[in-house]
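So you know, we letter chains A, B, ... as the sequences are listed, proteins then strands, and number each from 1.
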Amino acid sequence: MTGPKLEQRIEPEEELALPNVLTTRLDLALNWFRKSSVWYLLFATACCGIELMQTGGPRTDLDRFGAVFRSSPRQSDLLIVAGTITYKMADRVRLIYNQMPQPKYVIAMGSCANCGGLFTPSYSVVNGVDKIIPVDFYLPGCPPRPEALNEALIKVQEKIQGEPWFKKIKVAR
Amino acid sequence: MRQIADWIILNLFGVADAGSWPYSWLVYLGMMVFAAVLAITFVAIFAGPVTWVERRVAGRIMSRLGPNRVGPQGFLQWLADGLKNLLKEDLIPDAADRPLFRLAPHLVWMGMFGAFVVLPFGAHLVAADLNVGLLYILAITSLVVLGLLMAGWASNSKWALYGGIRSTAQLVSYEIPTAFSLMVIVILAGTLSTQEIVRAQGGWPWDWFVFRNPFTFLAFFLLMTSSLAEGNRVPFDLPEAESELVAGYNIEYSGMRFLFFLFAEWANLWIMAAIGTFCFLGGWQIPGVSPDAIDALLARSHGWSWSWVGLQALSFAIFAIKASWLVFVVIQIRWTLPRLRVDQLMIACWKYLVPMTLVCILGVLAMALLIPQGGVLDYLIRGLMMVVGGALVALFLWRARVNYMLARDSYRKMEGRELWFPPYRLV
Ligand code: SF4
């Protein structure tokens with residue numbers, strides 16, 4: 001695939017020698033609000049999508065955590081790559097990822113998105129979505145249970161809570 | 001607000017004749033700014049929590065929980081959403097028309113917010129009591145069409161453009177049944193001023209316009225239906241139909257600009273409920289207290305008058321309760337009904353709503369001619385309509401109870417223990 005290159009993760013800057021107490025506190029508060037409103041994109045390419053839909057349902061209600069689905073990538077913070085990514089689809093996934101505004105997070109859901117899964121030997125399947133976009137969390141399973149996806153969302157929230165928000169934005173821009 | 005400004009001029013500056021005093025415009029300007037700030041604060045405080053209410057109601061209807069992590073029972077969810085969207089990257093697509101793209105949310109917001117000028121919140125709590133109030137509401141909310149179409153066009157995306165055009169078609173068509181069902185009120189009250197319309201009714205239910213005769217009763221439901229369509233709410237949310245248009249006119253908007261659209265939508269929810277309330281449900285009228293008495297209280301009291309403040313607060317509370325109840329019903333409608341198709345939408349408007357509103361107008365005119373106001377027959381009809389209205393409310397409560405019982409039984413079967421809902425989740 002004459003695809004785009006692997007994107008570099010934006011790492012937060014080194015902690016300053018004297019941590020600024022005010023910004024740290026503000027970071028904590030902002031992150032608490034930020035993590036409570038992770039809107040995810042309605043995006044599914046294969047059977048894992050069924051489990052993704054299920055996760056929004058009554059049993060493992062993602063809305064409890066403030067996570068609602070948005071159908072436009074411009075308004076979402078979290079891309080859940082649910083399903084097999086073919087080479088044809090790879091460009092679109094990449095495009096969707098680029099359309100999302102910063103800060104954004106990615107969960108690779110299911111074996112297919114992690115490494116190609118069942119279809120690893122296939123001529124047309126990307127062996128892992130991390131070959132085209134940066135991935136924050138890998139969620140194993142074929143398909144992963146809704147509970148597992150719920151756990152992944154909580155992990156994303158933990159990651160958001162730990163971020164030095166002010167510095168991250170400075171680097172990203 | 002004008003009356004309150006005159007009161008301030010009289011009592012703080014000791015000027016009896018506000019018209020000839022050279023500095024009265026300063027006081028008026030101050031009151032205007034004050035009223036604007038108050039109204040914006042009100043919209044923000046209303047639009048935030050009502051998103052949480054809506055998501056909890058949706059959760060209850062889908063037997064989920066809804067947001068419950070931020071604050072007590074998730075009540076601060078709206079703060080989280082707002083802050084997160086503020087902190088998101090402000091993204092304008094390369095292909096977009098930048099000035100128009102930026103202007104569109106402001107137009108939508110202005111159109112919605114302009115209507116707050118004439119909404120009568122209480123006996124003297126109205127920013128400006130225009131004598132063309134209803135016409136003004138209909139006119140200023142048309143700015144929204146401009147904003148939506150502009151958003152669709154400037155985004156330079158086919159989905160956004162479809163969404164914008166659809167919403168234009170929808171808003172322009174549904175303007176007509178809305179205006180016609182408001183005509184019914186204008187005929188009955190004989191005025192376009194919002195405060196005068198409230199004054200033409202009374203505090204008790206039999207004095208409300210909705211129970212005046214069968215045609216006003218019908219007009220109330222027609223008004224609510226067509227203002228649902230004007231506010232792009234489900235079942236008329238075609239401009240945002242996810243299955244067809246991804247996200248509609250706001251597809252390219254991110255962060256705070258997108259939130260402006262949402263904000264306008266929630267503000268519109270209040271406007272819709274407020275119009276229904278002050279036109280048909282008696283507005284802020286306090287049962288047993290005539291509006292003239294409140295006026296007299298303001299005129300008589302040199303200095304601070306607690307009874308006047310108390311009556312203002314009471315009238316605002318009555319108005320807010322009625323309007324919130326309508327908002328609640330609209331939210332429930334949103335999560336229970338499926339979306340219409342485009343052709344069904346247009347058929348519903350032109351073949352059913354418009355003729356029915358015309359019939360309402362004719363009917364109200366005929367009733368006004370044939371049945372003398374305040375006669376025995378008049379009160380008989382009002383009583384009959386109140387029985388029908390009461391039956392509807394009773395049906396609503398009964399269905400809520402049935403649903404609760406069903407949920408309780410299945411919970412007991414599944415979990416083997418009693419279910420307990422907090423009271424606010426019962427309906
Ligand atoms: S991981 Fe399994 S369930 Fe998920 S898309 Fe691949 S084959 Fe389907």
Side-chain angles (χ1 to χ4, degrees), chain A residues 10 26-43 53-78 95-96 98-105 146 150 153-154 157 160-161 163 165-166 168-170 172-173, chain B residues 51-52 54-56 58-71 73-74 76-94 96 155 157 159-160 163 240-259 261-262 407 414:
Chain A
I10 301 155
L26 210 57
D27 267 344
L28 277 183
L30 287 183
N31 284 339
W32 187 63
F33 280 126
R34 232 152 50 79
K35 79 167 187 182
S36 308
S37 167
V38 181
W39 293 354
Y40 60 96
L41 182 67
L42 270 187
F43 177 70
M53 295 164 209
Q54 185 63 30
T55 318
R59 277 300 173 99
T60 50
D61 177 15
L62 280 186
D63 200 9
R64 283 180 300 158
F65 305 95
V68 286
F69 62 83
R70 294 299 313 170
S71 31
S72 160
R74 302 270 190 223
Q75 293 145 15
S76 32
D77 317 288
L78 174 64
L95 182 67
I96 284 178
N98 286 341
Q99 279 176 339
M100 287 165 62
Q102 292 277 4
K104 50 192 170 185
Y105 305 88
N150 217 335
L153 180 80
I154 295 173
Q157 289 190 326
I160 295 177
Q161 184 65 65
E163 272 173 354
W165 190 81
F166 282 107
K168 184 180 162 96
I169 282 301
K170 216 189 310 167
R173 278 201 176 144
Chain B
T51 59
W52 170 75
E54 167 143 13
R55 279 163 74 174
R56 291 296 292 222
R60 177 79 183 86
I61 288 175
M62 300 172 179
S63 48
R64 297 187 284 116
L65 278 174
N68 66 352
R69 286 294 194 277
V70 200
Q73 289 291 325
L76 296 179
Q77 184 61 46
W78 55 287
L79 275 182
D81 287 340
L83 263 175
K84 185 213 70 182
N85 272 308
L86 262 179
L87 299 179
K88 285 288 272 187
E89 183 186 355
D90 177 23
L91 201 148
I92 301 180
D94 271 348
S155 298
S157 148
W159 308 120
E240 300 171 33
E242 278 128 12
S243 49
E244 301 151 32
L245 294 182
V246 189
Y249 53 83
N250 58 26
I251 182 169
E252 297 291 350
Y253 282 83
S254 71
M256 210 50 206
R257 288 182 209 284
F258 165 63
L259 222 57
F261 284 112
L262 275 196
M414 259 177 7

Atom group of B:Glu252 that falls short of 4.5 Å from chain A, counting heavy atoms = both
task = May I ask you to name which of B:Asn250, B:Leu91, B:Leu79 has the most heavy-atom pairs under 4.5 Å with chain A?
result = B:Leu91
request  = Not counting sequence neighbours, which residues clear side-chain contact (heavy atoms from CB on, under 4.5 Å) with A:Gln161? List them please.
outcome  = A:Leu28, A:Asn31, A:Trp32, A:Lys35
query = Hey, does the side chain of A:Arg74 reach the backbone of A:Pro101 with a donor-acceptor pair shorter than 3.5 angstrom?
reply = no
Option in B:Leu83, B:Asp81, B:Leu259, B:Val70 with maximal non-hydrogen atom pairs under 4.5 Å from chain A = B:Asp81
ask   = What residues, two or more places apart in sequence or in another chain, satisfy side-chain contact (heavy atoms from CB on, under 4.5 Å) together with A:Arg64?
value = A:Asp61, A:Asn150, B:Leu65, B:Asn68, B:Arg69
ask   = For A:Trp39, is the NZ or CZ atom of B:Lys88 found under 6.0 angstrom from the centre of its six-membered ring and inside 45 degrees of the ring axis?
value = no
